Amino acid sequence: MSKTQENLMAAFAGESQANRKYLAYAKQAEKEGLPQVAKLFRATAEAETLHALAHLRKAGKIGTTLENLKDALSGETFEFTKMYPEMVADAEAEGNNALKKHFGDVGEAEACHAGLYQKALDANGNTAAVDYYICSVCGFIHEGPATDKCPICKAAVTAFYKVD
Ligand SMILES: [Fe+2]
Ligand SMILES: [Fe+2]
């Protein structure tokens, strides 16, 4: 990989993180009754998204949708088969039960994401129309309105919201 290609991917990672961080900071500013600062964080977050997307595009990392589904499937699979299980083990070794559960739940949610990507791949991208509902606690995705508590983190059915 050329240095410039490496730089594009490093910049993509950094800008992606800045985007999520600023959105979290915006929520905090709202909580503190500072709506103008919240707005500034949201505006900057949006600008960092533009940067991140430009870096990814210029790095040639956006493929066809079938290629992207395969890439997304492999990323989620890595997360639920290796990354999170290792983090669960590390948290356990350090006696941190709260984070052990957190990583475990998130890993299970990633397995669910992988399953949905696999389903879309199996259908060659022509999946049946359905609304996705996310558990706001762990990120589990349910096809159609949730009718029961989250199967992963046991959050109440009211924790689910629809994604447009
Ligand atoms: Fe995921
Ligand atoms: Fe959940």
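Bear in mind the structure is a predicted one, so any value in this text is a computation, not a measurement. Start at 1 with the first residue, then count along the sequence. Indexing begins at 1, ligand by ligand and atom by atom, following the structure's order.
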* Asked: Leaving waters out, which protein N, O or S atoms fall under 2.8 Å from the Fe ion (ligand 1)?
  -> Glu76 OE1, Glu76 OE2, Glu110 OE1, His113 ND1
Do the charged groups of [X] and [Y] touch, with an N to O distance under 4.0 Å?
X	Y	answer
Lys100	Glu94	no
Arg42	Glu30	yes
Glu86	Lys82	yes

* **Angular separation of SG (Cys153) and SG (Cys138) seen from the Fe ion (ligand 2), to 10°** => 120°
* Mind telling me whether Phe140 and Phe160 have parallel, tilted or perpendicular rings, with 30° and 60° as the class edges? => perpendicular
* Asked: Is a donor on one side and an acceptor on the other found under 3.5 Å between the side chain of Gln5 and the backbone of Ala59?
  -> yes
With a cut-off of 3.5 Å and sequence neighbours excluded, list every side-chain donor-acceptor pair involving residues 126-135.
none

